[in-house]
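To keep things clear, I will list the structure first and then write my remarks on it.
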Amino acid sequence: MLRFLLHRGGQALVAAFGVVTLVFFIQRLTGDPTALLLPETATQADIEAMRSALGLDRALWVQYVDFLWDMARFDLGRSFVQNADVWDIILSRLPRTLQLAAGALCVALLIGLPLGLIMALARERAVSRWIMGAVLAFQSMPTFWSGIMMILVFGVWLQWLPPSGTGSLAHLVMPSIALGLLSLATYARITRASVIDELLRDYVRSARARGVGTGRLVRKHLLRNALIPIISITALELSQLLAGAVIVETVFAWPGLGLLTVQSIASRDFLVVQAVVLLGAFVTIGANLAADILYSVVDPRVRLGAKA
Amino acid sequence: MSAAAPARRSFRAADLLSWWPAWLLFALVLCALFAPWLAPMDPDRQNLLARLKAPGFEARGAVYHLGSDELGRDVLSRLIYGARISLSVAVLSVLLSGVVGVTVGMAAGYLRGWTETVLMRLVDIFLSIPAILLAIITVAVLGPGFVNVILVLALTRWPRYARVAYGQTLAIAERPFVRLSRAMGASPARVIAVHILPNIVGPLLVVATLEFGLMVLFEAGLSFLGLGVQPPTASWGSMLSTGRNYLATAWWIATFPGLALFLLVLSANMIGDRLSDRIGKG
């Protein structure tokens with residue numbers, strides 16, 4: 001177990017190091033990152049001052065080592081546009097995005113799992129085909145369109161829900177659904193596949209032969225085994241939700257990290273954009289690591305395989 | 001015999017109908033190719049007297065079938081021209097990322113050793129950054145525009161093909177005909193091109209079809225955020241973004257481009273699903 005943990009943790013560290021390097025080089029794709037850090041009204045003198053202040057006149061490798069050192073100390077820098085520490089800016093917006101992601105995850109799990117289960121249990125019937133059609137539709141719907149259509153119908157025409165902004169639980173409903181639809185489709189598909197997989201096994205047949213009813217079979221036997229793949233999917237979904245928040249928050253004027261990113265691009269506040277991207281990547285790496293560890297606890301074959 | 005004939009004919013009709021995603025995709029391609037002939041008006045021509053008019057509005061003998069936008073441009077014409085952007089960005093970025101990704105994946109899977117380690121680690125690193133965020137930060141650096149969007153999408157998505165190509169190559173590389181060819185002195189490039197590539201095309205096609213739908217969504221998403229193809233060029237994503245500001249007064253501006261996007265992506269996903277049922281998942 002320890003060997004597996006070290007191996008997997010080492011991989012995660014390499015990935016994190018790689019991500020930081022990648023972001024460093026993306027910044028320098030155009031040669032001069034000062035253009036990204038200053039407003040468009042900046043004069044040539046401002047640019048020169050910024051270059052020496054940031055040490056951009058030094059050799060590339062010196063800058064790179066410096067950047068790595070900053071990242072290792074979790075120093076994200078200071079935003080010139082907002083005149084505040086990037087960390088403080090991020091932390092002030094993070095709770096909103098977490099709320100939204102939690103709401104979306106609820107929507108996805110509470111609707112996606114039952115749909116997948118129904119599709120698996122009724123796989124010979126027309127119901128299953130209809131649900132599959134709906135799932136495909138959810139998967140193909142641009143989040144910004146489904147969001148806007150919900151605002152139109154429930155916010156503007158029916159006036160059941162506030163069209164955008166924050167303030168109450170009602171404000172959270174539409175953004176959560178818009179963000180959750182894609183994950184809902186993924187959960188429904190995975191649940192269907194993994195339940196069908198389990199249904200074909202011997203223990204299910206023998207339980208049926210003993211006269212165990214469908215409800216009890218599902219609760220006591222099927223779900224427990226079929227839920228294992230869902231653990232690792234949830235890790236992937238977390239990063240999907242964080243990335244999807246960029247668009248959903250823009251649609252609903254939800255003041256989280258996503259809206260912050262879009263605003264920061266508009267105001268050329270590049271350090272903030274960079275921080276959100278790094279955060280997204282680290283969440284992904286961390287969630288994958290956590291899922292693998294959890295997986296290996298539930299299913300020892302995984303860590304034995306890794307040893308060989 | 002005579003009894004069986006009509007049944008057979010109706011089966012064929014149903015078969016054609018069940019391929020509606022392919023027909024829809026074909027129709028959209030035609031729209032994009034023949035946009036100048038199909039569009040009833042010039043997509044960029046403004047008419048400030050006909051701003052925000054509802055579908056069916058008539059002005060000086062011209063009918064705005066799907067209404068007009070905030071500058072009095074015809075929504076239907078912009079929709080038809082917008083298909084050009086969506087389809088061309090998606091096709092070109094799928095091709096570019098596919099070629100890069102498949103080459104990397106096959107090289108890693110066939111050459112093994114340190115090539116494999118370096119390339120596949122690189123794939124892992126790219127996949128650790130959520131694709132939309134990677135695309136956004138790169139566009140923020142490079143600046144928006146048609147070519148940049150394609151480059152960014154390719155940069156973001158090549159690892160997906162690399163993974164599939166790598167896995168498939170590993171499986172094929174140990175088959176007898178590949179080992180024989182290698183034993184007879186064929187160069188790695190020749191083995192990869194002649195023996196491996198033709199045998200892994202199926203799963204790659206499935207991935208490419210599903211990625212096509214995703215690329216359409218990404219392009220529209222970037223345009224929606226103002227990071228895609230720039231105005232006044234008609235793009236479905238940017239039409240949606242303006243439409244959002246006029247929801248209360250003009251629902252049609254946002255509704256129709258979104259519907260077009262949805263149908264395009266849905267047909268790509270359905271074709272991808274069917275292919276993967278036939279060919280097997282990648």
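Letters A, B, ... are given to chains in the order of the sequence lines, protein chains preceding strands, and every chain is numbered from 1.
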Legend entry - Side chain, backbone, both or neither of A:Val262 within contact of chain B (heavy atoms, under 4.5 Å): side chain

Inset, instruction - Evaluate the criterion side-chain contact (heavy atoms from CB on, under 4.5 Å) for residue pair A:Phe270 and B:Val141; output intermediate values, then yes/no. - result: CA-CA 9 Å; A:Phe270 189 77; B:Val141 172; 3.5 Å; yes

Legend entry - Minimum-distance pair of heavy atoms, taken over all atoms of B:Ile125 and A:Val19: CG2-N, 3.6 Å

Inset, instruction - Give, as side chain, backbone, both or neither, the part of A:Val251 having an atom under 4.5 angstrom from any heavy atom of chain B. - result: both

Legend entry - Heavy-atom contact with chain B under 4.5 Å, split by part of A:Leu152: both

Legend entry - Gap separating the CZ atom of A:Phe144 from the CG atom of B:Leu261, nearest 0.5 angstrom: 5.5 Å

Legend entry - Portion of A:Met141 that has a non-hydrogen atom of chain B nearer than 4.5 angstrom: both

Legend entry - Contact leader toward chain B among A:Val156, A:Thr250, A:Ile285, where contacts are heavy-atom pairs under 4.5 Å: A:Thr250

Inset, instruction - Mind checking the CD-CG spacing from A:Gln139 to B:Asp273? Nearest 0.5 Å is all I need. - result: 7.0 Å

Legend entry - Heavy-atom neighbours of A:Trp160 CH2 exceed 12 at 6.0 Å: no

Inset, instruction - Applying side-chain contact (heavy atoms from CB on, under 4.5 Å), run through B:Ile136 and A:Val277 and close with a yes or a no. - result: CA-CA 9 Å; B:Ile136 284 177; A:Val277 172; 6.0 Å; no

Inset, instruction - Using a cut-off of 6.0 Å, state whether more than 12 heavy atoms not belonging to A:Trp157 lie near its atom CH2. - result: yes

Legend entry - Verdict with supporting geometry, A:Thr284 and B:Leu127, side-chain contact (heavy atoms from CB on, under 4.5 Å): CA-CA 9 Å; A:Thr284 309; B:Leu127 287 176; over 6 Å; no

Legend entry - Within residues 215-225 of chain B, residues adjacent to chain A where the heavy-atom gap is under 4.5 Å: B:Leu217, B:Ala220, B:Gly221, B:Phe224, B:Leu225

Legend entry - A:Gln240 portion near chain B, given a 4.5 angstrom heavy-atom threshold: neither

Legend entry - Main-chain N/O of A:Ile148 paired with B:Arg244 side-chain donor or acceptor, under 3.5 Å: no

Inset, instruction - Would you give the length of the straight line joining atom OG1 of A:Thr261 to atom CG of B:Leu133, rounded to the nearest 0.5 angstrom? - result: 6.5 Å

Inset, instruction - Using a heavy-atom cutoff of under 4.5 Å, enumerate the residues of residues 247-258 of chain B that contact chain A, numbered in order, or state 'none'. - result: B:Leu247, B:Ala248, B:Trp251, B:Ala254, B:Thr255, B:Gly258

Inset, instruction - Decide yes or no for B:Pro130 and A:Leu242: does some side-chain heavy atom of the first lie under 4.5 Å from some side-chain heavy atom of the second? - result: no

Legend entry - Pairwise distance CD1(A:Ile265) to CD1(B:Ile137) - rounded to 0.5 angstrom: 8.5 Å

Legend entry - A:Leu136 versus chain B, the contacting section by heavy-atom distance below 4.5 Å: both

Inset, instruction - Heavy-atom distances under 4.5 Å only: say whether B:Leu122 touches chain A with side chain, backbone, both or neither. - result: neither

